[in-house]
Chemist: 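Attaching a single structure in structure tokens format; questions to follow.
Lettering follows sequence order; numbering is per chain, from 1.
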Protein chains: 2
Amino acid sequence: MEAEGLIAHDVLAVVLRITSPVPSVLLWQRAREPQSGRWALPGGRLGAGEDVEASVRRHLAEKVDLAEVAHVEQLSVFSDPDRGPQPRRVATAFLGLVPSDADPAIPGDTAWRPVDALPPIAFDHGEITRAGLDRLRAKLSYTNIGFALAPDVFSISELRRLYAAALGHHVSATNLQRVLTRRGVLVPTGTTAAPGPTGGRPAALFRFSEHTLRVTDPFAALRPPSGAGAV
Amino acid sequence: MEAEGLIAHDVLAVVLRITSPVPSVLLWQRAREPQSGRWALPGGRLGAGEDVEASVRRHLAEKVDLAEVAHVEQLSVFSDPDRGPQPRRVATAFLGLVPSDADPAIPGDTAWRPVDALPPIAFDHGEITRAGLDRLRAKLSYTNIGFALAPDVFSISELRRLYAAALGHHVSATNLQRVLTRRGVLVPTGTTAAPGPTGGRPAALFRFSEHTLRVTDPFAALRPPSGAGAV
DNA sequence: GAGGTTTTCGCCTTCTGGTCGAAAACGTTC
DNA sequence: GAACGTTTTCGACCAGAAGGCGAAAACCTC
């Protein structure tokens, strides 16, 4: 088969959701060889008549309610000839994001696993998970990708906790609010949340202005002067 | 064949080189059907025992001296079922960069074509070329990727011309020098170039401190405080 | 030496991000 | 209802990064 140059093409998804201290990734436990008992990313064979994005959405729908997946983007191709058993398989990996307040129904073989305590992982899916987490962290700082992690409306403290968990380090609420509002990605709703049981000033509620990915400012330098004459 | 779910996998390369007013892309003219006479990106079939990056380098070596290609990175997968004639093919696209002073030998069917006046393009290779150019432009502002466009040593004016051509808009020499040196990607050589035939102060020469890709500052905001506890 | 050309450098302004502490708005307790 | 603790919000201040401009430097030719 491979002698003809034809190769099986898979799609895989690193689906992340921000949970209490660290993000969690959606994994399912393999029941059959190879790698029986190990945990794998959702995915499957690229079918005829669909492109890779349509394919990953189709396979994802078997493990999680697609309506809860707020963002999907292509990560990278994994094609090491030894990345799995023969016959050879090439995989296109995707990153998927689920808001922290969503709790979609998942099958019995599937679970959210915190990324700092992963179970035994099948094939190279650990490396792929790492790539997904890296991509999320990079994009948090220069895009509005937070819209895919947060509930529809939220307080700045909630958003701060989400960012801190995703990034793995402390985030200042003051700065987060100022930066995101200045960039226009955060808009106040005018409403406030009820204070917690221990009191405290009621938090103002915000929402993301857009729910599609937008690059806010990767161009610290070398910005077009005014009217950019695109080539 | 596709009934078995096995698909031909190609690799393609958008090889860019900054030329006088606008960048040029390496294309070759097809001599056989399908799309005979049209211009296509270098590439070919993914072989057994090689990953996609090794494969694209192998195919690229047929069209250009690989030693002149200063940088190669994966772009994206193109998998629309109708992107070419049957049987179906999936392609992993790469971006390759050649310094402006290099002039590698190329075969007779191959040529550098300015991106603002492309000949008739085969298949979806026009879209892929566009993706490569977009990637280069984005990375120019927050990485040191300029090392792959410029000669070993160069003046600030030369570099300014390269950046302006790649970005498609005016770039200030003052800012370019200050930003790149502050980020540590540009270091002075201490030498100066000979003035032009019409005179002028001799230009100080610089070089890139590193010749491998490094992200300089995508994290305008949300930087880790000090010791980042990585998860 | 005068005039033209190209590059370099310093100054100024603006904007962004980081830090800190005070003030606001709640609930609880005495 | 006044004092206290808690949480959030807001303003002030500071450092650094970047854009713009013009003067100065260093060369050429005539």
Chemist: Can a side chain N or O of A/Asn175 be found less than 4.0 Å away from OP1 or OP2 on C/dG17?
Modeler: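 For C/dG17, OP1/OP2 do not have a side-chain N/O of A/Asn175 under 4.0 Å.
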Chemist: Using heavy atoms to find the nearest nucleotide of DNA chain D for B/Pro197 and A/Ile156 separately, return the residue whose nucleotide is more 5′.
Modeler: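 On the 5' side of the pair lies A/Ile156.
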Chemist: At under 4.0 Å between heavy atoms, which parts of nucleotides 1-8 of chain D does protein reach? Answer with one letter per nucleotide, 5' to 3': B base, S sugar-phosphate only, - none.
Modeler: -----BBB
Chemist: Measure from CZ on B/Phe154 to P on C/dT8 and round the result to the nearest Å.
Modeler: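 So the two atoms are 12 Å apart, to the nearest Å.
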Chemist: Assess whether a salt bridge exists between A/Arg17 and A/Glu68, defined as any Lys/Arg side-chain N lying under 4.0 Å from an Asp/Glu carboxylate O.
Modeler: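 No, no charged N to carboxylate O under 4.0 Å.
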Chemist: Is the B/His211 ring parallel, tilted or perpendicular to the B/Phe147 ring (thresholds 30°, 60°)?
Modeler: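 Geometry flag for B/Phe147 against B/His211: parallel rings.
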Chemist: OP1 or OP2 of D/dA18 less than 4.0 angstrom from a side-chain nitrogen or oxygen of B/Arg183, does that happen here?
Modeler: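 Checking B/Arg183 against D/dA18: at least one side-chain N or O falls below 4.0 Å of OP1 or OP2.
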Chemist: What pair of heavy atoms forms the shortest contact from B/Pro151 to B/Ser100, and how long is it?
Modeler: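 So the two residues come closest at CD-OG, 3.7 Å.
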Chemist: Looking only at heavy atoms, which two atoms of B/Ala131 and B/Phe78 are closest? And how far apart?
Modeler: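 Between these two residues, the closest heavy atoms are CB-CZ, 4.3 Å.
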Chemist: What about B/Arg182: does its side chain form a donor-acceptor pair under 3.5 Å with the base of D/dG19?
Modeler: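 Under the 3.5 Å cut-off, the side chain and the base do not form any donor-acceptor pair.
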Chemist: Among D/dC27, D/dG19, C/dT19, which is the nearest nucleotide to the side chain of B/Pro195?
Modeler: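 Among the listed nucleotides, the one closest to the side chain of B/Pro195 is D/dC27.
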Chemist: Side chain to side chain contact (heavy atoms under 4.5 Å, CB included) for A/Leu159 and A/Phe208? Distances and angles first, verdict last.
Modeler: CA-CA 11 Å; A/Leu159 194 64; A/Phe208 278 89; 4.1 Å; yes
Chemist: Please pick, from C/dG17, C/dG18, C/dC9, the nucleotide with the shortest atom-to-atom distance to any side-chain atom of B/Gln177.
Modeler: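 Nearest to the side chain of B/Gln177 among the choices is C/dC9.
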Chemist: Please determine whether a side-chain nitrogen of the Lys or Arg among A/Glu127 and A/Arg83 lies less than 4.0 Å from a carboxylate oxygen of the Asp or Glu.
Modeler: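 Here A/Glu127 does not pair with A/Arg83 in a salt bridge, since their nearest N and O are not under 4.0 Å apart.
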Chemist: Provide, to the nearest angstrom, the distance between the CZ atom belonging to B/Arg178 and the C1' atom belonging to C/dG10.
Modeler: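 It is 10 Å, rounded to the nearest whole Å.
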Chemist: Tell me the interatomic distance from B/His169, atom NE2, to D/dG19, atom C1', rounded to whole angstroms.
Modeler: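 Atom NE2 in B/His169 sits about 13 Å away from atom C1' in D/dG19.
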